[in-house]
Amino acid sequence: MQRKAYAPHPEARVYAPRRRVKESSTGRVAALHAALLAALAVGCTSNTGATGSGTDAKAGPGTKSIAQPGKYRTLFEPCGSVGSSALKDLLPGTVGLPDKQQQEILRGSASSTFDTDRRVGCAWKSDAPDASHSLSLDIERVVSYDPAVSDDDRAQELFTEKQIAAAVPVATEAPTASASASAPVSGTPSIDATEPAATLGSRMLNSIGDAAYLDDDLASAAAGSTAQRRTVSVVFRTSNVIATVVYTEQSGHTTVIPESKELQEKAQHLARNLVKKFSD
């Protein structure tokens with residue numbers, strides 16, 4: 001007898017055994033790496049935001065803030081900083097000289113410095129039978145190499161050192177507004193014709209830069225000479241710059257002593273004008 005071939009029912013489902021796919025080690029490492037990156041991102045995000053401390057967040061906790069740089073980054077040309085009319089007043093020996101000789105004196109002689117963005121200077125001198133006068137400027141831009149000390153603070157340190165070396169009293173306390181309005185600050189009197197000579201000595205000055213002092217020195221013009229020479233120096237600080245004005249008069253007569261009042265007034269006036277040039 002002939003057998004019939006078996007045919008499956010058309011709606012019957014064919015079941016095949018499932019094969020488990022083994023997860024590769026590479027996949028597990030990638031998943032772990034992604035999870036770690038996500039955790040780090042959450043941690044960094046939680047540490048950011050305004051704290052009001054002014055410290056850069058990327059500096060990390062415990063990192064000291066860097067002090068601010070000074071206001072001035074360059075210096076002006078010193079020999080051209082004093083006008084010709086002012087120089088003629090400071091150097092009366094130029095009056096009556098031929099124009100060419102006068103211009104040569106008023107041009108001044110620039111100081112030789114390594115970096116004119118850091119230090120500059122200029123000097124002038126005129127001679128006359130009655131007296132000789134000389135003027136010099138020295139201007140230094142101070143830069144602090146300590147990241148914790150600002151340029152201004154370093155400039156103030158150097159200014160104080162100069163002040164102590166000149167034996168000028170160091171101000172220990174600023175006067176109150178009411179005291180300043182009612183009376184002059186001790187040690188910093190104004191100059192007028194009624195003031196005694198004692199008040200014209202070395203002292204602190206007001207209204208010239210951030211800090212200023214005046215040094216007045218009378219000495220013999222040279223060893224063995226009876227001629228007198230008076231040197232008035234006005235040193236002031238404005239931000240991170242220290243400027244020194246030195247004005248000297250040497251008498252042509254042994255019996256004549258150069259007066260303090262006029263020399264001091266002219267030196268202070270020039271110093272105030274220099275402060276204005278820094279603001280230009």
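In what follows, residues are counted from 1 in the order of the sequence shown.
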Give me the ring orientation class for Phe278 and Phe236: parallel if the planes are under 30° apart, tilted from 30 to 60°, perpendicular past 60°.
perpendicular
Given the rule that I, L, V, M, F, W and Y join up when any side-chain heavy atoms are under 4.5 Å apart, are Val246 and Val120 in one cluster?
no
When clusters are formed by joining ILVMFWY residues with side-chain heavy atoms under 4.5 Å apart, either directly or through shared neighbours, do Tyr72 and Phe76 land in the same one?
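Hydrophobic grouping puts Tyr72 with Phe76.
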Which of these, Lys125, Arg229, His133, sits in a side-chain contact (heavy atoms from CB on, under 4.5 Å) with Thr248?
Arg229
Have [X] and [Y] got a donor and an acceptor in their side chains that come within less than 3.5 Å?
X      : Y      : value
Gln156 : Thr160 : yes
Asp152 : Ser239 : yes
Ser260 : Asp216 : yes

Given Thr74 and Asp117, is the side chain to side chain donor-acceptor pair (under 3.5 Å) satisfied, shown in steps?
CA-CA 5 Å; Thr74 60; Asp117 281 338; 5.3 Å; no
Without swapping roles, check the side chain of [X] against the backbone of [Y] for a donor-acceptor pair under 3.5 Å.
X      : Y      : value
Glu259 : Glu262 : no
Asp215 : Val232 : no
Gln163 : Pro169 : yes
Arg107 : Ile105 : no
Ser251 : Val256 : yes
Tyr213 : Leu205 : no
Ser150 : Asp153 : yes
Trp124 : Leu135 : no
Thr113 : Arg119 : yes

Could you pull out the closest heavy-atom pair between [X] and [Y], with the gap in Å?
X      : Y      : result
Val142 : Asp151 : O-CB, 3.7 Å
Cys79  : Gly121 : SG-O, 4.5 Å
Pro258 : Leu218 : CD-CD1, 4.4 Å
Ala267 : Val234 : CB-CG2, 3.8 Å
Leu263 : Tyr247 : CD2-CE2, 3.3 Å
Phe159 : Val235 : CE1-O, 3.5 Å

Please output the side-chain donor-acceptor pairs of residues 91-103 that fall under 3.5 Å, not counting sequence neighbours, one pair per line with the distance.
{"from": "Thr94", "atom 1": "OG1", "to": "Leu91", "atom 2": "O", "distance (Å)": "2.8"}
{"from": "Gln102", "atom 1": "OE1", "to": "Lys88", "atom 2": "NZ", "distance (Å)": "3.3"}
{"from": "Gln102", "atom 1": "NE2", "to": "Thr94", "atom 2": "O", "distance (Å)": "2.9"}

Does a side-chain N-to-carboxylate-O contact under 4.0 Å join Asp146 and Arg154?
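No, Asp146 and Arg154 are not salt-bridged.
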I'd like to know if Arg230 pairs up with Asp217 as an ion pair, taking the criterion as any Lys NZ or Arg NE/NH1/NH2 lying under 4.0 Å from an Asp or Glu carboxylate oxygen.
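Asp217 and Arg230: not salt-bridged.
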Within the structure provided, determine whether Leu137 and Val82 are in side-chain contact (heavy-atom separation under 4.5 Å).
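They are in side-chain contact.
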Heavy-atom distance under 4.5 Å between the side chains of Leu75 and Thr116, does that happen here?
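Leu75 vs Thr116: side chains apart.
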Under the side-chain hydrogen bond (donor to acceptor under 3.5 Å, both in side chains) test, residues paired with Arg141 that sit two or more places apart
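Arg141 satisfies side-chain hydrogen bond (donor to acceptor under 3.5 Å, both in side chains) with no residue once adjacent residues are dropped.
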Begin with the C-alpha distance, continue with both residues' side-chain angles, and end with the deciding distance and a verdict on side-chain contact (heavy atoms from CB on, under 4.5 Å) for Leu200 and Lys261.
CA-CA 7 Å; Leu200 299 178; Lys261 182 176 181 293; 4.2 Å; yes
Taking atom CZ as the centre, does Arg118 end up with more than 12 heavy-atom neighbours from other residues, nucleotides or ligands that are less than 6.0 angstrom away?
yes
If you count the non-hydrogen atoms of other residues, nucleotides and ligands that lie under 6.0 Å from CD in Gln68, is the total more than 12?
no
Going through the checks in order, is the side-chain contact (heavy atoms from CB on, under 4.5 Å) test met by Gln268 and Arg272?
CA-CA 6 Å; Gln268 291 183 69; Arg272 290 189 179 94; 3.6 Å; yes
How long is the gap from [atom1] on [X] to [atom2] on [Y], to the nearest 0.5 Å?
X      : Y      : atom1 : atom2 : value
Leu274 : Ile139 : CG    : CD1   : 6.0 Å
Ser144 : Asn240 : OG    : CG    : 10.5 Å
Gln264 : Ser202 : CD    : OG    : 8.0 Å

Check step by step if side-chain contact (heavy atoms from CB on, under 4.5 Å) holds for Val245 and Ser233.
CA-CA 6 Å; Val245 176; Ser233 302; over 6 Å; no
